[in-house]
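So you know, we letter chains A, B, ... as the sequences are listed, proteins then strands, and number each from 1.
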Amino acid sequence: MEIIVNGIEERFEFATESFYLQPTEIVAQKLIGSIFRIFNKEQNQNVLLRIVETEAYLSYDDKASHSFRGKTPRNSAMFDKGGILYVYKIYGIHHCINVVTEAEGFGSAVLLRAMECVETTIDFPGNAFRGPGKLAKTLGFTTQDSGISLLGETYSLLLPTTNVPFRTTKRIGITKSEELSLRFCLQGSQFVSVDWKKK
DNA sequence: GCAAGGATCTAA
DNA sequence: TAGATCCTTGCC
């Protein structure tokens with residue numbers, strides 16, 4: 001599938017289930033530069049968003065991960081097989097969207113933090129996808145959408161066929177396992193979320 | 001700089 | 001059942 005990104009035609013391929021079953025750090029890295037596709041046949045809506053910022057949350061030794069204390073009603077989607085969405089509410093106000101990774105029972109996911117609109121039939125405000133909370137709000141995702149498949153017709157991911165340069169940094173907004181460098185950003189992108197607290 | 005805001009988990 | 005915590009944002 002050819003998609004024009006910033007005036008350049010690039011080739012993408014649909015992510016299959018095996019993609020999501022890879023180690024979480026790998027999935028988080030490969031998601032940089034890939035396209036999140038929302039296709040609604042009935043409403044004739046098509047949205048293509050390029051992912052420019054992600055964070056990995058591991059199934060072990062990661063105290064910042066929701067899965068660290070085991071499976072609960074809230075995080076159960078995280079323990080399902082990779083290839084679905086895990087949506088949770090944070091600070092009682094915002095929602096955050098994660099892509100569940102690895103095999104069933106692992107409890108790992110990749111947080112989508114920022115995206116860039118590539119193509120859409122809907123009008124969105126300019127900064128609508130910069131930051132995890134805004135991103136979820138703009139797309140209208142709530143905890144009700146936790147568990148949605150990324151392998152269906154409506155929601156899918158398109159992977160670039162060429163290597164995408166990315167930056168690795170520490171994660172944002174967490175107080176545990178802060179030292180882990182599990183945040184990935186598209187090199188040179190103006191669309192990554194701003195980290196106010198960091199040096 | 002910090003409050004809003006509510007679900008969720010933990011400890012009692 | 002009460003109290004702390006929280007992968008944020010847009011106010012002041």
Side-chain angles (χ1 to χ4, degrees), chain A residues 20 22-32 34 36 49-80 82-102 105-117 124-148 150 155 157 166-186 189-199:
Chain A
Y20 300 101
Q22 298 176 96
T24 309
E25 312 93 291
I26 303 294
V27 176
Q29 291 167 17
K30 289 189 176 175
L31 281 178
I32 298 296
S34 71
F36 182 54
L49 301 163
R50 185 165 68 156
I51 298 170
V52 299
E53 183 180 347
T54 63
E55 283 180 10
Y57 286 87
L58 309 181
S59 59
Y60 56 91
D61 290 342
D62 184 0
K63 300 186 197 65
S65 173
H66 284 177
S67 62
F68 185 70
R69 286 174 211 283
K71 192 172 176 176
T72 66
R74 177 207 196 188
N75 65 19
S76 65
M78 244 180 131
F79 287 83
D80 283 345
I84 63 167
L85 294 177
Y86 164 50
V87 185
Y88 63 85
K89 196 176 227 180
I90 185 71
Y91 299 112
I93 309 171
H94 305 287
H95 294 273
C96 294
I97 306 174
N98 300 253
V99 174
V100 176
T101 61
E102 308 202 38
F106 271 67
S108 52
V110 175
L111 171 66
L112 304 180
R113 291 191 54 88
M115 308 204 269
E116 171 187 357
C117 198
F124 293 116
N127 291 347
F129 303 105
R130 199 177 306 193
K134 281 192 273 190
L135 194 153
K137 189 188 173 192
T138 303
L139 295 178
F141 279 86
T142 68
T143 51
Q144 301 291 314
D145 299 303
S146 206
I148 280 184
L150 290 169
Y155 300 99
L157 273 156
F166 60 86
R167 244 169 44 226
T168 304
T169 73
K170 290 177 182 178
R171 292 178 295 185
I172 290 176
I174 57 174
T175 53
K176 300 164 198 157
S177 294
E178 245 188 297
E179 71 284 358
L180 298 174
S181 289
L182 292 171
R183 174 174 177 244
F184 307 102
C185 303
L186 181 65
S189 175
Q190 304 304 306
F191 291 86
V192 300
S193 69
V194 184
D195 180 13
W196 303 100
K197 285 169 261 177
K198 277 265 170 64
K199 35 193 170 197

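- Side chains of A:Thr101 and A:Ser108: a donor-acceptor N/O pair is present below 3.5 angstrom, by distance only.
- The CG atom of A:Leu85 sits 19 Å away from the P atom of C:dC7 (whole-angstrom rounding).
- Nucleotide C:dC6 holds its C1' atom 14 Å from the CG atom of A:Asn98, rounded to whole Å.
- An OP1 or OP2 oxygen of C:dC7 is reached within less than 4.0 angstrom by a side-chain nitrogen or oxygen of A:His66.
- By the neighbour-count criterion of 12 heavy atoms within 6.0 Å, atom CD of A:Glu179 is densely surrounded, having more than that number from other residues, nucleotides or ligands.
- Judged as a salt bridge (charged side-chain N to carboxylate O under 4.0 Å, His left out), not a single pair has a partner in residues 127-146 of chain A (not counting sequence neighbours).
- In this structure a side-chain-to-backbone donor-acceptor pair under 3.5 Å is present from A:Arg171 to A:Ala56.
- Stem regions annotated for DNA chain B: B:1-4 with C:8-11, B:6-11 with C:1-6, counting only runs of 3 or more consecutive pairs of Watson-Crick or G-U type with both contacts under 3.5 Å.
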Q: Using a 4.0 Å cut-off on protein heavy atoms (strictly under), produce a 5'-to-3' string for nucleotides 7-12 of chain B with B for base contact, S for backbone-only sugar-phosphate contact, and - for none.
A: -SSS--

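- Contact between A:Asn75 and A:Gly70 at its shortest, heavy atoms only, is ND2-O, 3.1 Å.
- Rounding to whole angstrom units, NZ of residue A:Lys63 and C1' of C:dC7 are separated by 16 Å.
- In this structure, NZ of A:Lys170 is placed 18 Å from P of C:dC7, rounded to the nearest angstrom.
- Contact record, A:Leu111 with A:Pro132: CD1-CB, 4.4 Å, taken as the closest heavy-atom pair.
- Residues from residues 50-62 of chain A with heavy atoms under 4.0 angstrom of DNA chain C, sorted by number: A:Tyr57.
- A straight line from CZ of A:Arg171 to P of C:dC6 spans 13 Å, rounded to a whole angstrom.
- Here the P atom of nucleotide C:dT5 and the CZ atom of A:Phe68 are 16 Å apart, to the nearest Å.
- For the pairing with A:Thr169, the side-chain hydrogen bond (donor to acceptor under 3.5 Å, both in side chains) check across A:Glu53, A:Arg183, A:Glu55 returns one residue only, A:Arg183.
- One atom, CD1 of A:Ile93, and another, P of B:dG6, lie 8 Å apart when rounded to the nearest Å.
- Applying the side-chain contact (heavy atoms from CB on, under 4.5 Å) rule to A:His94 yields the partners A:Ile90; only residues at least two apart in sequence or on another chain are considered.
- Rounding to the nearest 0.5 Å places CZ of A:Phe141 at 5.5 Å from CG of A:Leu85.
- Every residue meeting the side-chain contact (heavy atoms from CB on, under 4.5 Å) condition with A:Ser181, not counting sequence neighbours, appears here in chain and number order: A:Thr168, A:Lys170.
- Contact annotation: A:Thr175 side-chain N/O to C:dT5 OP1/OP2 distance is not under 4.0 Å.
- Dashed line: the shortest gap from a side-chain N or O of A:Lys176 to OP1 or OP2 of C:dC7 is not under 4.0 Å.
- Between A:His66 and A:Tyr86, the two ring planes are perpendicular [angle over 60°; tilted spans 30° to 60°].
- Put simply, CD1 on A:Ile90 is 4 Å from C1' on C:dC6, counting in whole angstrom units.
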